[in-house]
Amino acid sequence: MLLVPQLREHLSEIKAHLSKKNFKDLSLLDDVLTYDDERKSLKTKLDGLNQQINEISKKVGQAIKTEDLSTAELLKTQSNSLKEEISLLNAASKANEEKMESLLAQIPNIPSAKVPEGMTPEDNQVIVQVGNRPNFDFEALPHWDLAKKYKIFDLELGVKLTGAGFPVFTGKGAVLQRALQRYFLDFNIKKDYYEVIPPLMVNRESAFATGQLPDKEGQMYYTQDEFYLIPTAEVPVTNIYRDTILRKEDLPIKLTAFSQCFRREAGSYGKDVRGLNRVHQFDKVEIVHISHPHNSYNELEQMKDHVAELLASLGLEYRVLLLCGGDMSFASAMTYDLEVYSAAQEKWLEVSSVSNFETYQANRLKVRFKNDSGKNELCHTLNGSSLALPRIMAAILENYQTPQGIRIPEVLVPYTGFEVLD
RNA sequence: GGAGUGGUGGGUGAGUGGCUGAAACCAACAGUUUGCUAAACUGUCGUACGGGAAACUGUACCGGGGGUUCGAAUCCCCCCCGCUCCGCCA
């Protein structure tokens, strides 16, 4: 959520930046400020009335002590008449704040100045493109065909066990999947990330704090115990620091976590969702930073470079996109997408998305640190995938295929124990 | 699932109606001193919002919500969560 004082101070700039995000409803911002004015004036009135009651109550106590019962009775009547006024104002102020919150929740994060203009994926800026694509002198198969040929994963079996979009990894495919998990984690740990294994279900508060609720409720699986299955490890991991005040020296906090991720992805069908391109349950290794506001964009660059290095180490051709305003997510201030080229599908697959949320999440999370003047200040939060497994798996299968089997990238061989998947 | 017990500031923990926004201790921070990777002493030390240029000041908050009362951390009701024992299971 945006911060109202910022909104007040930089209204016209914020409006200008938001239109870059294709956000049309700019009058919402003015409405928020109107509600905020009302909030303040109600608060002032209420505080004054409460003060009066407090003073009267003290006098009642004294009067009773000195056995001046008639004064006490008189004061009680005064207090009672104030109470009616207070309960009216209380109701008004509650309604006011709820309305203001709900408006505020509809306003997306402000894109950073560096975010390019644009509405569609075509407007994203390609920052770098690295690596070579394989030249096949045979007919290259998409990964869903390779999966059948080499028994790597089985989607039909998943349908039997659960439903569409729940792949069952089998044999060497399962080993490769496990190798990827471990390799990614080890790579992150070498770069000073601290590993956690979070719960796969979270409560309502956690889902709200990172912004999954209320807007994306339909995207999450929900259990009878009122827990949400996590759509990404970002949710539990970032929530570790919910409602905390950190010391400046603690920053940045760099965490990594492997988890299964669960997404309902309602209403998506067709070619883009074949094979592992889009599934309901998948594996992902996530990185999360809690950062000092002055350093967060530095850290965004580091995270982006970190993921790029990881992709390069797998020998995959990749490119880095700086997303344009219109293609960014609601809560992000700036996002890099990393994509690998799938030679057999002949298209780019998004395998990581690295974002700086600035204070947008931190405001809900209440993650703060003591700044130099001793005041509590919101941290910035960032996160990214490092990496999402299914599409990496797809890209490895497709790009490393030979007529004899799938070659395993060198860095993974110590983890798989075999060099060719056949 | 059954029974019991409890939720207070960064932590431990006192507090059963006004003198309690909250003792004490620990941690943290600042300073003094003896000078040596430490100890002792002194001081500071919750959060949010409002008013104010500021010093400062007001209000709210003792798991959450409601109620009783002039006045609630303290009494009543509902809900949530933790812990212990039993049961079940890995």
Side-chain angles (χ1 to χ4, degrees), chain A residues 1-9 32-101 103-104 197-209 213-214 222-228 236 239-251 253 260 290 359 361-379:
Chain A
M1 267 190 301
L2 291 181
L3 300 159
V4 178
Q6 268 182 21
L7 217 60
R8 193 172 285 285
E9 207 173 334
V32 166
L33 291 185
T34 308
Y35 279 105
D36 192 50
D37 288 335
E38 197 186 332
R39 192 195 111 248
K40 285 183 183 177
S41 94
L42 284 169
K43 166 89 174 152
T44 306
K45 280 184 206 157
L46 260 172
D47 283 0
L49 292 173
N50 279 323
Q51 185 180 7
Q52 286 182 51
I53 289 223
N54 287 338
E55 279 164 9
I56 291 172
S57 298
K58 270 182 196 152
K59 286 185 196 155
V60 172
Q62 287 160 8
I64 289 174
K65 242 176 218 165
T66 59
E67 296 187 4
D68 184 356
L69 295 184
S70 61
T71 306
E73 284 309 312
L74 186 71
L75 289 166
K76 284 185 192 181
T77 3
Q78 282 179 23
S79 175
N80 276 328
S81 70
L82 284 173
K83 277 205 292 188
E84 287 170 34
E85 207 175 332
I86 286 179
S87 76
L88 284 176
L89 281 175
N90 256 331
S93 118
K94 209 172 182 178
N96 173 273
E97 276 186 46
E98 272 169 22
K99 186 67 193 167
M100 187 172 119
E101 286 268 304
L103 291 183
L104 216 42
I197 302 180
L200 301 181
M201 293 189 247
V202 292
N203 57 28
R204 171 162 281 276
E205 284 163 296
S206 295
F208 178 79
L213 292 179
Y222 184 62
T223 72
Q224 59 183 352
D225 291 311
E226 302 181 322
F227 297 142
Y228 294 87
N239 267 283
I240 290 172
Y241 289 95
R242 166 155 53 87
D243 285 324
T244 56
I245 300 173
L246 298 156
R247 293 175 311 173
K248 199 183 58 181
E249 308 83 75
D250 298 332
L251 303 174
I253 289 167
Q260 269 87 27
I290 314 275
T359 58
Q361 273 186 335
N363 187 24
R364 278 196 187 176
L365 286 157
K366 303 273 176 283
V367 201
R368 292 150 294 171
F369 71 101
K370 288 248 181 253
N371 67 18
D372 290 330
S373 50
K375 286 254 161 68
N376 295 328
E377 190 178 331
L378 290 172
C379 300

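All of these numbers come straight from a predicted model, not from anything done at the bench. Each chain gets a letter, A, B and so on, in the order the sequences are listed, and its residues count up from 1.
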Salt-bridge test for A/D37 and A/R8: reply yes if a basic N is under 4.0 Å from a carboxylate O, no otherwise. yes
Range on RNA chain B touched by chain A - first to last nucleotide, heavy-atom distance under 4.0 Å: B/rG18 to B/rG71
Reading RNA chain B from 5' onward, which residue's closest nucleotide shows up sooner: A/G48 or A/R247? A/R247
Using a 4.0 Å heavy-atom cut-off, does A/K94 contact any base of the nucleic acid, only the sugar-phosphate backbone, or nothing at all? sugar-phosphate
What integer number of Å spans the P atoms of B/rG21 and B/rA73? 8 Å
Provide the distance between the two C1' atoms, one in B/rA38 and one in B/rU33, to the nearest whole Å. 14 Å
Does the side chain to side chain contact (heavy atoms under 4.5 Å, CB included) test come out yes or no for A/I290 and A/Q361, once each step is laid out? CA-CA 11 Å; A/I290 314 275; A/Q361 273 186 335; over 6 Å; no
If we take the C1' atom in both B/rC29 and B/rG46, what is their distance in whole Å? 15 Å
May I ask you to say what A/K370 touches in the nucleic acid, namely base, sugar-phosphate or nothing, with a heavy-atom cut-off under 4.0 Å? sugar-phosphate
Using a 4.0 Å heavy-atom cut-off across all strands, classify A/R39 as base, sugar-phosphate, or nothing. sugar-phosphate
Here the helical stems involving RNA chain B, each at least 3 consecutive Watson-Crick or G-U pairs closer than 3.5 Å, sorted by first residue number, are B:1-7 with B:80-86, B:10-12 with B:24-26, B:28-32 with B:40-44, B:46-51 with B:56-61, B:63-67 with B:75-79
CG (A/D243) and CG (A/L365) are apart, to the nearest 0.5 Å, by 8.5 Å
On a heavy-atom basis, the closest approach of A/F227 and A/N203 is CD2-CA, 4.3 Å
Could you grab the distance from atom OG1 of A/T359 to atom CG of A/L3, nearest 0.5 Å is fine? 4.5 Å
Rounded to whole angstrom, note down the C1' distance from B/rU47 over to B/rA53. 25 Å
Say we look at B/rC80 and B/rG64: how far apart would their P atoms be, to the nearest angstrom? 15 Å
Contact list for RNA chain B against residues 55-64 of chain A - heavy-atom distance below 4.0 Å: A/S57, A/V60, A/G61, A/I64
For the P atoms, the ones on B/rC62 and on B/rU57, what distance do you get once it is rounded to whole angstrom? 23 Å
Exercise: do A/N80 and A/T77 side chains pair donor with acceptor under 3.5 Å: no
Closest-nucleotide mapping onto RNA chain B: is A/I245 or A/S79 further toward the 5' terminus? I mean the 5' end. A/I245
For A/T44 and A/D47, run side-chain hydrogen bond (donor to acceptor under 3.5 Å, both in side chains): C-alpha distance rounded to whole Å, both residues' side-chain angles, the deciding distance at 0.1 Å, then the answer. CA-CA 5 Å; A/T44 306; A/D47 283 0; over 6 Å; no
Please classify the nucleic acid contact of A/R204 as base, sugar-phosphate, or nothing, using heavy-atom distances under 4.0 Å. nothing
Applied to residues 50-63 of chain A, the salt bridge (Lys or Arg N to Asp or Glu O under 4.0 Å) test, sequence neighbours excluded, yields none
For B/rG13 versus B/rG67, give the span between their C1' atoms, rounded off to a whole number of Å. 30 Å
Under 4.0 Å, counting only non-hydrogen atoms across every strand here, what does A/K40 touch: a base, just sugar-phosphate, or nothing? sugar-phosphate
To the nearest 0.5 Å, tell me how far A/L103 CG sits from A/T34 OG1. 9.5 Å
Using the P atom as the point on both nucleotides, what is the distance between B/rG65 and B/rC83, in whole Å? 23 Å
Show me the donor-acceptor pairs within less than 3.5 Å that the side chains of residues 85-101 of chain A make with the rest of the protein, sequence neighbours left out.
residue : atom : partner : partner atom : Å
A/S87   : OG   : A/E84   : O            : 3.1
A/N96   : ND2  : A/Y35   : O            : 3.4
A/N96   : ND2  : A/E38   : OE1          : 3.3

Ring pair (Phe, Tyr, Trp, His ring centres under 6.0 Å) with A/F369: which residues, sequence neighbours excluded? A/H292
Taking every heavy atom of A/A362 against every heavy atom of A/L378, the minimum-distance pair comes out as O-CD2, 3.5 Å
